[in-house]
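Here's the structure we're looking at; comments come further down.
Letters go in sequence order (proteins before strands), and every chain restarts at 1.
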Protein chains: 2
Amino acid sequence: MNMKHPIDTTEGYLKKHGIKPSYQRIRIYDYLATHKNHPSVDHIYQDLRHDIPTLSKTTVYNTLKLFQVKGVLQVIVIEENENRYDADTDVHGHFRCEKCQKIYDVPVNISQLHPNGLEDFLIKENHIYFKGLCAMCRKK
Amino acid sequence: MNMKHPIDTTEGYLKKHGIKPSYQRIRIYDYLATHKNHPSVDHIYQDLRHDIPTLSKTTVYNTLKLFQVKGVLQVIVIEENENRYDADTDVHGHFRCEKCQKIYDVPVNISQLHPNGLEDFLIKENHIYFKGLCAMCRKK
DNA sequence: GTATCTGCAAAACATTTGCAATTCT
DNA sequence: AGAATTGCAAATGTTTTGCAGATAC
């Protein structure tokens, strides 16, 4: 579980954010909270459909869009043609290895970054990511 | 023109990077160099097809992919479902206004950002972007 | 019983691929 | 001529939409 208030259940956590906790929504949120490898829609769908045979991909899309609007996940736009999802809503960066394709979490101190010219802008989201070779792939 | 060596022509600049300067490639590069608003493939295609009626979108895709591989542009992955392109290959950030959709350049000092845990990683690309409301949209 | 949620099928996009015609040297 | 480039048409893959049936309160 990856929740701000660990005492909560997923159901309570979703409710608190104005999301009706249907069975599918709870399962999708729990999947994200326990699979921190920044899954794509298809990852989520393929894994969950073994447990929930009636699940449809549309529901996964609907649910993730709702989660995004309600602020319980962040969309990681790092691949050029598919979105990834992360239940960790704290500001942090990502690293994508161009060889093994894995996406790593990267702790970054955003306060060190003082962009000029944005003084009158309202910044709602910070996105930082890196691409290259991870330690393992680099050695080979 | 947005070139490291302003003395060059587009033709010379492309050659230097191992790109045969065909008519279409020169026109697409010039478009990027003079339109710094981070256009999408469709922006480029729709604008250039008035001048070059035979231009195909495939050629725009082919050319941008080639430019990316040869390192004369960077792909900005900031929209959730389409790529944007920038002939400025220096490290810099972007800000996308969620209201007017405009993408602004943001000078950032990447060296201020010392991500932990990437010591053995080879970082080839840095990407930093922000989302929110720009100064103009915020006032309204 | 009325709202909402789910999921199938189809549509809408962005992007890629196969291949034939064109262009360049 | 030979090699690279262009561009049409079709395919692919992701995401969205319309809508009917199921579910929840």
Side-chain angles (χ1 to χ4, degrees), chain A residues 10-12 14-15 17-32 38-70 72-85 96 101 103, chain B residues 10-11 14-15 17-31 38-70 72-85 96 101 103:
Chain A
T10 298
E11 193 176 330
L14 295 180
K15 268 186 188 164
H17 286 84
I19 298 164
K20 277 196 195 171
S22 74
Y23 179 67
Q24 287 87 339
R25 289 171 180 176
I26 292 172
R27 294 300 305 270
I28 291 169
Y29 187 85
D30 282 347
Y31 183 89
L32 282 169
H38 319 93
S40 65
V41 165
D42 202 56
H43 289 146
I44 300 168
Y45 173 68
Q46 296 302 341
D47 281 1
L48 281 180
R49 91 204 203 86
H50 295 124
D51 275 20
I52 316 170
T54 63
L55 183 68
S56 91
K57 214 178 244 193
T58 303
T59 297
V60 180
Y61 275 106
N62 288 341
T63 302
L64 292 172
K65 179 64 73 182
L66 179 69
F67 285 178
Q68 181 188 4
V69 170
K70 297 296 187 180
V72 300
L73 61 69
Q74 59 176 306
V75 183
I76 305 169
V77 180
I78 186 170
E79 302 284 350
E80 281 174 27
N81 41 19
E82 71 177 2
N83 295 154
R84 300 305 193 95
Y85 298 88
R96 176 172 157 267
Q101 314 280 347
I103 298 174
Chain B
T10 298
E11 194 177 329
L14 295 180
K15 270 186 188 162
H17 286 84
I19 299 165
K20 277 198 192 169
S22 74
Y23 179 69
Q24 287 86 339
R25 289 171 179 175
I26 291 171
R27 293 300 305 270
I28 291 170
Y29 187 86
D30 282 348
Y31 183 88
H38 320 93
S40 65
V41 165
D42 202 56
H43 289 145
I44 300 167
Y45 172 68
Q46 295 301 341
D47 281 1
L48 282 180
R49 92 204 202 86
H50 296 124
D51 276 19
I52 317 169
T54 63
L55 183 68
S56 91
K57 211 176 246 192
T58 303
T59 298
V60 180
Y61 275 106
N62 288 340
T63 302
L64 292 172
K65 180 65 72 182
L66 179 69
F67 286 177
Q68 181 187 3
V69 170
K70 298 295 187 181
V72 301
L73 61 70
Q74 60 176 305
V75 183
I76 305 168
V77 180
I78 186 170
E79 301 285 349
E80 281 173 27
N81 40 22
E82 72 177 359
N83 294 154
R84 300 305 194 96
Y85 298 88
R96 174 171 158 267
Q101 314 280 347
I103 297 174

Report all interatomic pairs (protein N or O, nucleotide N or O of nucleotides 17-23 of chain C) with separations under 3.5 Å.
none

| Residues within residues 46-57 of chain B bordering DNA chain C, heavy-atom distance below 4.0 Å |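 The answer is none.
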Check the distance between [N]'s [atom2] and [X]'s [atom1] and give it to me in whole angstrom.
| X | N | atom1 | atom2 | result |
| --- | --- | --- | --- | --- |
| E80(B) | dT14(D) | CD | C1' | 12 Å |
| E82(B) | dA12(C) | CD | P | 18 Å |
| R27(B) | dT6(D) | CZ | P | 14 Å |
| L64(B) | dT6(D) | CG | P | 12 Å |
| Q68(B) | dT15(C) | CD | P | 11 Å |
| Y61(A) | dA11(C) | OH | C1' | 14 Å |
| E79(A) | dG13(D) | CD | P | 15 Å |

Check side chain to side chain donor-acceptor pair (under 3.5 Å) between [X] and all other residues, then give those that pass, not counting sequence neighbours.
| X | answer |
| --- | --- |
| K57(A) | D42(A) |
| E11(B) | none |
| Y85(A) | none |
| D47(A) | Y31(A) |

Closest non-hydrogen atom pair between [X] and [Y], with its separation:
| X | Y | result |
| --- | --- | --- |
| P21(B) | I26(B) | O-CD1, 3.5 Å |
| G18(B) | K70(B) | O-CE, 3.6 Å |
| T10(B) | Y29(B) | CG2-CD2, 3.7 Å |

| Which is it for V77(A) and I78(B) under the side chain to side chain contact (heavy atoms under 4.5 Å, CB included) test, yes or no, and what are the steps along the way? | CA-CA 6 Å; V77(A) 180; I78(B) 186 170; 5.9 Å; no
| field | For dT6(C), the Watson-Crick or wobble counterpart (both distances under 3.5 Å) | value |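 WC or wobble partner is dA20(D).
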For residues 58-67 of chain B, please give each side-chain donor-acceptor pair under 3.5 Å, one per line with the distance, not counting sequence neighbours.
from	atom 1	to	atom 2	distance (Å)
T59(B)	OG1	S56(B)	OG	3.4
N62(B)	ND2	T58(B)	O	3.4
T63(B)	OG1	T59(B)	O	2.7

| query | D42(B) near the nucleic acid: base, sugar-phosphate alone, or nothing, with a heavy-atom cut-off under 4.0 Å? | reply |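 Here D42(B) touches no strand at all.
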| Going through the checks in order, is the side chain to side chain contact (heavy atoms under 4.5 Å, CB included) test met by I44(A) and L32(A)? | CA-CA 8 Å; I44(A) 300 168; L32(A) 282 169; 4.1 Å; yes
Produce the list of close N/O pairs, under 3.5 Å, pairing protein atoms with atoms of nucleotides 3-5 of chain C; give distances to one decimal.
from	atom 1	to	atom 2	distance (Å)
dC5(C)	OP1	R25(A)	NH1	3.1
dC5(C)	OP1	R25(A)	NH2	3.4

| task | Can you sort out the partners of E79(A) under salt bridge (charged side-chain N to carboxylate O under 4.0 Å, His left out), two or more places apart, ordered by chain and number? | result |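 Here the qualifying residues are R84(A), R96(A).
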| Distance-only, no hydrogens or angles: does the H38(A) side chain make a donor-acceptor pair with backbone N or O of I103(A) under 3.5 Å? |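 Pair found, side chain donor or acceptor close to backbone of I103(A).
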| query | So which pairs with a foot in residues 17-28 of chain B pass salt bridge (charged side-chain N to carboxylate O under 4.0 Å, His left out), sequence neighbours left out? | reply |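 For residues 17-28 of chain B: R27(B)-D51(B).
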Between the protein and nucleotides 19-21 of chain D, list every N/O to N/O distance that falls short of 3.5 Å.
none

| Any residue meeting side-chain contact (heavy atoms from CB on, under 4.5 Å) with N81(B), in chain and number order, not counting sequence neighbours |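 N81(B): no side-chain contact (heavy atoms from CB on, under 4.5 Å) contacts found.
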| request: Go through dG7(C), dT15(D), dT15(C) for me and flag the one nearest to the N83(A) side chain. | output: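 The answer is dT15(D).
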